Amino acid sequence: MKPVNYTRSRRCALPCLAVVMPCFNEEAVLPRTLASVTEFFSDCVRDGVIAPDSFVLCVDDGSRDDTWGLIEKASRTDPQVRGMKLSRNMGHQTALVAGLSTVTNFDVVVSIDADLQDDLFAIRDMIAAWQNGYDIVYGVRSERKTDTLFKRETAQMFYRLMLFMGVNLIPNHADFRLMDRRACDALLEYEERNLFLRGLVPLIGFPSTSVYYSRLERTAGESKYPLSRMVSLAVEGVTSLSVTPLRIIAFTGILISSIAILAICYALVGKETGHTVPGWTSVTIAIFFMGGVQMLSLGIIGEYIGKIYLETKRRPRYHIENATWENQ
Ligand code: UDP
Ligand code: MG
């Protein structure tokens, strides 16, 4: 690992802020978002919170609408707006890592969604926390009023499940967070392809804290996280960070085997004493139950094997097709 000198860039009075924003089919909301971000930059520069060369890097995650056209247009008129385009849709987590790997010359980097549901003003509190010595500052939702009851409940279930699986997550924190250079560099040393950043960042272990904010409604466009994608993200989260499901399978196996031994003894005693009855129902239930348990167990084991398969290939995580700074 190369030694890095952080002393120059750390805790300077006017940090250069990089905002990394993954965008997938966000043409409906992007103009408004970029206007808000640049206005936020001017206010912060005026108030002496960030350096004037702060910038936003929009990562176009293979959008099929005019998202890239809008990013290019904005970057031509505003030097604070930069953009890069991935060759195809790689998913939010990978787009975020692509952005974090590409930004240079910054002191702190904040990742934020393109729909600005996360409150830009919380970034001021994040920078203040960074000035107080924290390397990582998590943006945590103080309430979930804008969510549907279903989303709220499933989110709670997800956090409980992750805790049970031994994965350390910050409840109600998604991917709105500040990291300084050394935290960002540390995160990029995790080279896995199966990415679940909100589970990886707490593993870094540098001093961290949280700031609280109310999450707003999406102002335009649609959520890119329908139920199916949320379920895959949850599966990704569990299987990329925990082997507890495999242990549960082993434990279930031991439990069922023990019950089977008792059942065999019972059946033998029954046969000897002549109490056997035609037991169609119990046999059928046992077959279905065991079949179900075995298929589920194989599925879970398969999920891990699939992950090992993908990791061993060591394929590149993404390809950059275009970048605004290359065209200038
Ligand atoms: N996103 C992405 N690639 C994807 C899906 C989503 O870059 O394949 C981006 C999207 O443009 C947004 C962020 O990830 O900036 C979060 O998505 P969204 O706001 O739709 O999720 P939600 O807030 O509904 O959970
Ligand atoms: Mg959103």
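Only this structure's heavy atoms are used, side chains among them; waters, hydrogens and symmetry mates stay out. Counting convention: from 1, in listed order, for ligands and their atoms alike. Just so it is clear, the structure is predicted and the values come from calculations on it, not from any experiment. Counting from 1, the numbers follow the sequence of the chain as shown.
- A distance of 6.0 Å or more separates the ring centres of Phe106 and Phe55.
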N/O donor to acceptor pairs below 3.5 angstrom from side-chain atoms of residues 154-171, sequence neighbours left out:
from	atom 1	to	atom 2	distance (Å)
Thr154	OG1	Phe150	O	2.8
Thr154	OG1	Lys151	O	3.1
Tyr159	OH	Asn172	N	3.3

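- Sorted by chain and number, the residues within 4.0 Å of ligand 1 by heavy atom are Pro22, Cys23, Phe24, Glu26, Asp61, Asn89, Gly91, His92, Asp113, Ala114, Asp115, Gln117, Lys151, Arg215, Arg218, Ser223, Lys224, Tyr225, Arg229.
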Should Arg215 and Asp113 be marked as a salt bridge (Lys or Arg N to Asp or Glu O under 4.0 Å) after you check the CA-CA gap, both sets of side-chain angles, and the distance that decides it?
CA-CA 11 Å; Arg215 198 165 201 240; Asp113 291 353; 3.4 Å; yes
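- By the criterion of a separation under 2.8 Å, the protein N/O/S atoms near the Mg ion (ligand 2) amount to Asp115 OD2, Gln117 OE1.
- A salt bridge does not link Arg141 to Asp118: none of the charged nitrogens lies less than 4.0 Å from a carboxylate oxygen.
- Applying the side chain to side chain donor-acceptor pair (under 3.5 Å) test to Tyr304 and every residue at least two apart in sequence or in another chain returns nothing.
- Taking 4.0 Å as the cut-off between side-chain N and carboxylate O, Glu191 and Arg314 count as a salt-bridged pair.
- With salt bridges taken as basic N to acidic carboxylate O contacts below 4.0 Å, one links Lys307 and Glu303.
- Electrostatic pairing of Arg181 and Asp107 does not count as a salt bridge here, judged by no charged N lying under 4.0 Å from a carboxylate O.
- Of the charged side-chain nitrogens involved, at least one lies within less than 4.0 Å of a carboxylate oxygen, so that Arg218 and Glu26 count as a salt-bridged pair.
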